[in-house]
Amino acid sequence: MNEILEALVKYAAILAFMLGVVAPVMVWVERRGMALIQDRRGPNRVGPFGLLQPLADAFKFIFKEEIIPAQADKVLYLAAPALALVPALTTFTVVPFGPTFNYAGKEIKLVVIDSDIGALMFLALAGLGVYSLICAGYGSYNKYSLLGSLRASAQLISYELSMGFAILAILVSTASFNLLDVIDYQNSMWNIVYQPLGFLVFLVTAFAETNRVPFDLPESESELVAGFNTEYGAMKFALFFMGEYVNMTTLSLLLAVLYLGGWQLYPGWTPPEGIVGAIIGVLITLAKVIFMMWLFVWVRFTLPRFRYDQLMKLGWKVLLPLSITNLVIVTILVNKGIL
Amino acid sequence: MDKKLPVWVRAQDNYAGKVELEHDVDIPTWIVDSSVSKELLSDLYREEKFDMLLDLCGVDYPGREKRFDVVYHLYSFSTGKRLRVKVPVSEDRCEVDSVVDIWKAADWFEREAYDMFGIKFKGHPALRRILTHEGFVGHPLRKDYDPGKRWQLEEDKIYKPVFLNLPPEEDSMFERMTINIGPSHPAMHGTFRLMAVLEGEVIVDSDVEIGYLHRCFEKMAETHPWQQVVPYTDRLNYCSAFINNVAYCKTVEDMLGLELPPKAIWGRMVLMELSRIMDHCVCNGTTLVDVGALTNFWYFFEIREEIYSLLTKCFGSRLTVAGCRIGGFQHDLPPDFIDLCKHLLEIIPPLIEDIDKLVTHNRIWLDRSVGISAISGKEAINWGWTGPCLRASGVQFDLRKNEPYYWYDKVDFDIPVFYGGDVYDRYRVRMAEIKESLKIVRQLVEQGIPDGPYAVDDYHVMLPPKDMVYNQMESMIYHFKLIFEGMRVPPGERYGYLEGANGELGFYIVSDGSPNPYRIKVRPPCFPIFSTFSRLIRNQTVADAIITLGGLNIIAGELER
């Protein structure tokens with residue numbers, strides 16, 4: 001019972017942090033970052049430096065009129081935004097975000113569910129996200145939405161495979177499915193050095209998984225108006241939007257955990273024991289996450305987007321072979337005792 | 001035909017009594033009987049290498065026995081000659097043979113003439129209205145059509161697409177889907193409607209509908225005095241409004257036989273080149289937005305913004321400048337004009353360089369654009385293409401070099417030509433032309449503003465200065481006459497043309513000596529280009545169609561007038 005309570009408290013804390021801090025701050029960073037790159041000002045009216053702009057946006061979303069297309073499939077149409085946010089928030093539970101510490105004689109792990117199959121659970125939960133896109137496309141009774149959701153499902157399925165292989169290579173070298181073990185394993189050297197190829201594949205698939213430029217085809221606004229979310233407005237649209245940002249955060253965190261040594265400042269340096277060390281650890285992780293998220297924004301405003309067939313080609317003909325090669329190399333090296 | 005004899009002599013031999021030469025006109029003009037028009041035009045195409053149909057339009061003369069003239073403007077790339085062919089038809093037998101099988105460009109032009117005048121073209125594959133809607137009654141450019149008349153578009157009259165080139169369905173493994181892109185769609189840069197049949201994401205056939213922005217500029221021009229037409233020309237290609245102003249004013253000035261003072265020519269050239277840069281910036285910027293490269297758009301628009309501030313200083317407005325007057329400018333150029341130009345010359349090149357670094361060699365952009373919607377130079381000419389799009393297909397044709405007007409033969413610049421004919425080369429031509437235009441502006445700025453007046457001192461055309469009006473009897477009379485009657489242009493006709501940002505921008509103007517133009521026909525460069533769109537995007541994906549549209553630089557205001 002206590003364990004469940006503890007997990008719930010941690011989950012509630014994360015939920016509050018993600019929805020209350022990460023999503024709005026990311027929206028702000030994205031818009032201001034975009035403005036910085038594009039030689040503009042960006043939102044600067046609401047609050048200092050426009051920091052309260054996301055709040056104003058949230059109010060706007062809440063008070064907007066709810067419109068449901070007359071011929072839409074109501075159940076699917078309304079379920080889709082929820083289906084986008086829930087898996088996004090759930091995947092977060094299996095990823096550790098800070099070092100374990102003792103408090104009041106009790107060992108507390110900074111991960112909601114410390115599962116021995118954490119990595120597998122992540123893949124399973126991440127795969128659920130595609131249902132929301134399918135529901136949205138099918139439910140809105142709109143050809144553009146349908147095309148967008150078809151693209152999205154094909155894209156997610158193809159890229160999840162490569163992502164799975166990239167993660168598998170890490171698990172092979174760690175010899176554990178537990179993500180805490182993955183971080184411990186990187187004490188000698190981070191995985192990014194051992195498996196640069198795997199890191200690259202994971203990074204690219206992370207962009208594809210979150211539907212960000214250059215892989216934002218499901219919602220490519222110039223061709224498909226807004227893709228799968230064309231018919232969505234008000235808070236329903238905001239839920240999709242939040243789902244995307246939470247996904248981005250989760251994947252950035254996973255990148256930090258899998259390849260960048262989690263809360264290690266440099267390979268081998270872990271924060272000291274105790275609650276202070278835990279806070280330092282969380283901050284270090286956060287710094288890495290922020291950097292990765294800035295990368296997402298940066299890339300978005302630098303690159304054009306692929307065409308659909310080129311994207312599929314990249315997924316199946318380039319990334320999949322690369323990830324398999326990576327897996328084979330890592331397996332051989334582990335077998336020979338080098339890794 | 002004997003090759004050695006001049007064209008005209010041979011035509012007289014072959015079509016004795018059916019063809020007449022018109023005298024005292026700007027370009028050679030033949031009046032041809034409608035029974036032999038098709039034969040003669042195809043002779044001209046085959047034997048005389050008139051390989052481009054520049055323009056086709058109707059003119060209405062209600063008093064005449066043969067009421068309508070169908071006017072063809074031809075151009076030959078091998079000899080550089082122009083020819084006008086007029087085919088008069090009467091109201092009751094209002095029919096000529098279609099020339100679509102000779103020049104594909106004729107397709108839309110004939111539909112337009114049918115729409116506007118009710119002239120039928122025998123043998124046209126799909127002769128239906130193009131600029132007005134299906135429920136429209138009457139033909140708006142006929143002289144007896146009341147300009148104030150309005151028609152309501154009824155729901156059941158909305159055009160249902162007919163797909164002419166649809167291959168049989170059994171060849172395909174996909175179920176077909178018809179999708180309607182536009183008229184309100186983020187990538188339709190204005191108001192076009194594209195109806196496409198998709199197999200998967202590939203367009204197997206499409207049909208384009210235009211006319212959503214049609215406001216019958218040509219009819220409006222007929223109801224306004226000469227000078228007041230200028231602001232309407234702004235609304236043609238609104239990305240480079242100033243070039244339209246010049247094209248119109250220059251044509252009328254040529255009809256009047258006016259010699260512009262050097263300062264007016266200088267100012268017009270500088271502002272035209274800056275407008276060209278703006279136009280190319282908008283075109284390339286929006287094309288890149290269509291592939292998701294947002295940042296370049298802002299860099300391009302910063303250039304445009306800076307040029308806007310110069311235009312604002314000159315004319316008080318940004319987009320629709322109404323910069324020219326027939327006879328020069330309305331005001332003098334601002335005193336810091338040169339400094340503003342120098343400032344522009346300083347800030348534009350680094351921005352262009354940034355964009356070059358960001359996308360020109362970007363692999364994703366290359367993958368997206370190279371080989372997309374490619375067209376050969378020969379085919380492009382047949383479709384009536386001009387301007388940057390034609391130069392991207394390897395045809396070196398630029399009126400600034402081929403038939404220099406103003407001082408374009410005195411400045412040093414190159415005509416960039418690329419040979420791919422695809423979206424990427426259209427992009428590259430525009431990028432290169434921005435640099436060439438900068439070169440022209442730089443030379444002119446180094447030369448300095450010429451002294452002297454900014455407009456002609458012919459007071460039949462331009463208002464006399466105020467102090468003269470107040471102090472001199474004659475100036476007062478000129479002022480009164482101009483304000484109350486407007487200027488008079490001697491009867492006659494002229495096809496004036498110059499290199500717009502998009503290609504050959506032509507004004508075919510007929511005057512009957514009255515204070516209003518009798519007929520103005522604009523030859524919008526993107527009209528024939530857009531008629532090719534369905535052919536270009538066949539068997540390409542929706543995403544390709546979108547960037548093709550961006551790269552062609554279709555401006556609704558000019559297309560639909």
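Excluded from the calculations below are hydrogen atoms, water molecules and symmetry mates; all remaining heavy atoms, backbone and side chain alike, are included. A, B, ... follow the sequence lines: proteins, then strands. Residue 1 opens every chain.
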Any donor-acceptor N/O pair, A/Thr249 side chain to A/Tyr245 backbone, under 3.5 Å: yes

Give me the contact list for residues 348-363 of chain B versus chain A, heavy atoms only, anything under 4.5 Å, ordered by residue number. B/Leu358, B/Asn362

Residue pair B/Tyr308 / B/Arg304, side-chain donor-acceptor N/O under 3.5 Å: yes

Would you say NZ of A/Lys64 has more than 12 non-hydrogen atoms from neighbouring residues, nucleotides or ligands within 6.0 angstrom? no

If I measure from the heavy atoms of chain A, does B/Leu549 come under 4.5 Å with its side chain, its backbone, both, or neither? neither

When you compare the side chains of A/Ser323 and A/Asn326, does any donor N or O come within less than 3.5 Å of an acceptor on the partner? no

Measure A/Tyr308 against the heavy atoms of chain B and call it side chain, backbone, both or neither at under 4.5 Å. side chain

Does any heavy atom of chain A fall under 4.5 Å from the side chain of B/Asn296, the backbone, both, or neither of them? neither

Please classify the contact between B/Ile547 and chain A as side chain, backbone, both or neither, with a heavy-atom cut-off of under 4.5 Å. neither

Those residues at least two apart in sequence (or on a different chain) that pass side-chain contact (heavy atoms from CB on, under 4.5 Å) with A/Gln53 are A/Arg31, A/Pro43, A/Val46, A/Asp57

Kindly indicate, with the supporting measurements, whether the criterion ring-ring contact (aromatic ring centres under 6.0 Å, His included) is fulfilled by B/Tyr212 and B/Phe192. CA-CA 7 Å; B/Tyr212 290 92; B/Phe192 316 119; 9.0 Å; no

May I ask you to decide if A/Val29's main-chain N or O and A/Trp294's side chain share a donor-acceptor pair within less than 3.5 Å? no

Option passing side-chain hydrogen bond (donor to acceptor under 3.5 Å, both in side chains) with B/Asn553 (candidates B/Asn502, B/Asn237, B/Asn284): B/Asn502

With a 4.5 angstrom heavy-atom cut-off, which part of A/Arg40 approaches chain B: side chain, backbone, both or neither? side chain

